[in-house]
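Comments concern the structure below.
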There are 2 protein chains.
Amino acid sequence: MDHTRWLDDDEQRTWRAFLTAQRLLFERVERQLQNEAKMPHGYYEILVRLSEAPDRTLRMSRLADTSLSSRSRLSHAVARLEEAGWVERTACETDRRGAWARLTDEGFAALRAAAPGHVETVRSVLFDALSPEQAAALQDISESLVGHLTNRPVWPAESDAGADGACPEAG
Amino acid sequence: MDHTRWLDDDEQRTWRAFLTAQRLLFERVERQLQNEAKMPHGYYEILVRLSEAPDRTLRMSRLADTSLSSRSRLSHAVARLEEAGWVERTACETDRRGAWARLTDEGFAALRAAAPGHVETVRSVLFDALSPEQAAALQDISESLVGHLTNRPVWPAESDAGADGACPEAG
DNA sequence: CCTCTATCGTTGAACACTCAATCTCGATGG
DNA sequence: CCATCGAGATTGAGTGTTCAACGATAGAGG
């Protein structure tokens, strides 16, 4: 017996288009950042989150959450970023299991240098292709999905006015 | 001077929501396939494309295109799939640079076994979260993006009635 | 027939991510 | 005070991806 709720033709078309769009889009974003800024997109996100934090400093676990990384991934990533001199790790005094990650001035400079090219790419691959109505719909859809996939109201809740796309800590 | 077309708050919100949704969604899809079918999503797609091809056979280059893989990635992937006994490679007589990839019966069986769980996951992470209107909008948006990102009318053109979501070669 | 260029496909090294195991330390409860 | 449990973070092995380089063959032009 087959209880599977298979996709109908229309759903399948939607799924495949979404899949294709998503791949092509992020492939471009990834390649641009790798070529011009020498970092994968995941690392860029980490730098962005740090740049938005008070003192550009965050606990590793918090940073993992806000940058959508597993702890393991973040550990490996921050190790790399530390080698590059873009991030520093220091022990946490009040909770000695913990560690702080801080964006260095070099890291901030690297982010600043990377931002324009990245943002231009995001605009060119995403917003330049969509009408205002489509962009609005995409926001709506994405937020629905995030809500659905996190069992949370709608958005990571916490402080999040941040800038990824806006000039990092601009002004 | 700063010529960068920075994202405004609304665009940023859209971009971040899209990013987050995309990550959460594909993380789940990936994990489900890895856990239950012992293959990454990329391999699943390769098997699907082969399953839809005449004689379940495709030239490597064609397979690379339809499965959105780089040549290199496909080579590595097919090497793995061959070890698993799911795909076979044979030389091409008419073009001796070329190679055919064929889905074996074991490969087809593996795909058949993997499909229900995968499709159920796709439904639960995507379609269950969206209203019909949202799903329609997502299709529209995705096709716009694909068109934009490929400089092609709207869709890979070629034969593409296929089944990924539908029971593979069902009925 | 010969050369030049482009395509087909593979390879190995470098790198990022996942998973499971591990270590340290805080918190809780007797 | 001690035991237990759970959280914070790291590690190493395994795997997949990218990139650049390569070898082989087809096709075009002289």
Side-chain angles (χ1 to χ4, degrees), chain A residues 22-24 26-47 57-84 86-102, chain B residues 22-24 26-47 57-84 86-102:
Chain A
Q22 178 267 338
R23 282 222 207 212
L24 294 175
F26 286 100
E27 195 183 323
R28 288 227 199 166
V29 169
E30 198 68 57
R31 218 191 296 278
Q32 182 275 326
L33 269 176
Q34 197 63 60
N35 286 339
E36 296 177 23
K38 270 59 190 161
M39 63 177 107
H41 185 227
Y43 288 18
Y44 182 87
E45 285 185 273
I46 291 172
L47 299 188
T57 300
L58 236 36
R59 285 288 295 270
M60 288 294 283
S61 52
R62 191 121 208 73
L63 182 53
D65 294 343
T66 63
S67 63
L68 299 175
S69 289
S70 68
R71 295 208 144 92
S72 172
R73 169 151 94 183
L74 185 66
S75 256
H76 287 297
V78 168
R80 289 276 176 187
L81 292 171
E82 204 166 23
E83 287 174 25
W86 291 346
V87 170
E88 267 177 9
R89 266 182 296 198
T90 58
C92 174
E93 296 306 321
T94 62
D95 181 345
R96 290 201 306 213
R97 294 167 302 183
W100 294 102
R102 194 179 74 79
Chain B
Q22 177 267 337
R23 281 222 207 212
L24 294 175
F26 286 100
E27 195 183 322
R28 288 227 199 164
V29 169
E30 198 68 56
R31 217 191 296 278
Q32 181 276 325
L33 270 175
Q34 197 63 59
N35 285 340
E36 295 177 25
K38 269 61 192 161
M39 62 178 109
H41 185 228
Y43 289 17
Y44 182 87
E45 285 184 273
I46 291 171
L47 299 187
T57 301
L58 235 36
R59 285 290 294 272
M60 288 295 281
S61 53
R62 190 125 208 71
L63 182 53
D65 293 343
T66 63
S67 64
L68 299 176
S69 288
S70 68
R71 304 269 160 105
S72 171
R73 168 151 92 183
L74 185 67
S75 257
H76 288 298
V78 168
R80 289 277 178 186
L81 291 171
E82 203 166 23
E83 286 173 25
W86 291 346
V87 170
E88 267 177 10
R89 266 182 297 198
T90 59
C92 174
E93 296 305 322
T94 62
D95 180 345
R96 291 202 306 212
R97 294 166 302 182
W100 294 102
R102 193 179 73 79

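Owing to the predicted nature of the structure, the values given are computational and were not obtained by experimental measurement. Chain letters run A, B, ... following the sequence lines, proteins first, then strands; residues in each count from 1. All heavy atoms count here, side chains included; hydrogens, waters and symmetry mates do not.
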For this session: Report which part of the nucleic acid A:Ser75 touches: base, sugar-phosphate, or nothing (heavy-atom distance under 4.0 Å, all strands).
Result: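 Base contact.
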So which atom in [X] and which in [Y] form the shortest heavy-atom distance, rounded to 0.1 Å?
X        : Y        : result
B:Met60  : B:Ala101 : SD-CB, 3.9 Å
A:Trp100 : A:Ala91  : CD1-O, 3.6 Å
B:Arg31  : B:Glu27  : NH2-OE2, 2.7 Å
B:Cys92  : B:Arg59  : SG-NH1, 3.6 Å
A:Met39  : A:Trp86  : CE-CZ3, 4.0 Å

Problem set entry | DNA chain C-proximal residues of residues 63-74 of chain A, any heavy atom under 4.0 Å |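 Output list: A:Ser70, A:Ser72, A:Arg73.
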Exercise. Counting distance only, does the side-chain N/O of A:Glu82 pair as donor-acceptor with the main-chain N or O of A:Arg89 below 3.5 Å?
Worked result: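 Yes; judged by distance alone, with no hydrogens or angles, the pair exists.
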Exercise. Has the side chain of B:Arg73 got a donor or acceptor atom that lies under 3.5 Å from a matching backbone atom of B:Leu68?
Worked result: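 Checked: pair present.
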For this session: Give, ordered by number, those residues of residues 86-102 of chain B having at least one heavy-atom distance below 4.0 Å to an atom of DNA chain D; if nothing qualifies, reply none.
Result: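 Contacting residues: B:Asp95, B:Arg96, B:Arg97.
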Round to a whole Å and report the spacing from [atom1] of [X] to [atom2] of [N].
X       : N      : atom1 : atom2 : answer
B:Asn35 : C:dT18 : CG    : C1'   : 11 Å
B:Arg62 : C:dG9  : CZ    : P     : 11 Å
B:Glu30 : C:dA16 : CD    : C1'   : 14 Å

Problem set entry | Passing option when A:Ile46 is tested against A:Leu58, A:Leu81, A:Thr66 for side chain to side chain contact (heavy atoms under 4.5 Å, CB included) |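 With A:Ile46 as partner, side chain to side chain contact (heavy atoms under 4.5 Å, CB included) holds for just one option, A:Leu81.
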Exercise. Step by step, would you call A:Leu74 with A:Arg71 a side-chain contact (heavy atoms from CB on, under 4.5 Å)?
Worked result: CA-CA 5 Å; A:Leu74 185 66; A:Arg71 295 208 144 92; 5.7 Å; no
Exercise. 5' to 3' on DNA chain D, which nucleotides open and close the contacts with chain B (atom under 4.0 Å from a heavy atom)?
Worked result: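 In short, chain B contacts DNA chain D from D:dG16 to D:dA26.
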For this session: Give, for atom CZ of B:Arg102 and atom CD of B:Glu88, the distance between the pair rounded to the nearest 0.5 Å.
Result: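 Those atoms lie 4.5 Å apart.
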Exercise. Just one of A:Gln34, A:Lys38, A:Gln32 clears the side chain to side chain donor-acceptor pair (under 3.5 Å) bar with A:Glu36, so which one?
Worked result: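 Testing each of A:Gln34, A:Lys38, A:Gln32 against A:Glu36, the sole residue satisfying side chain to side chain donor-acceptor pair (under 3.5 Å) is A:Gln32.
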Problem set entry | Residue closer to the 5' end of DNA chain D, A:Arg31 versus A:His76 (nearest nucleotide) |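 So the residue in question is A:His76.
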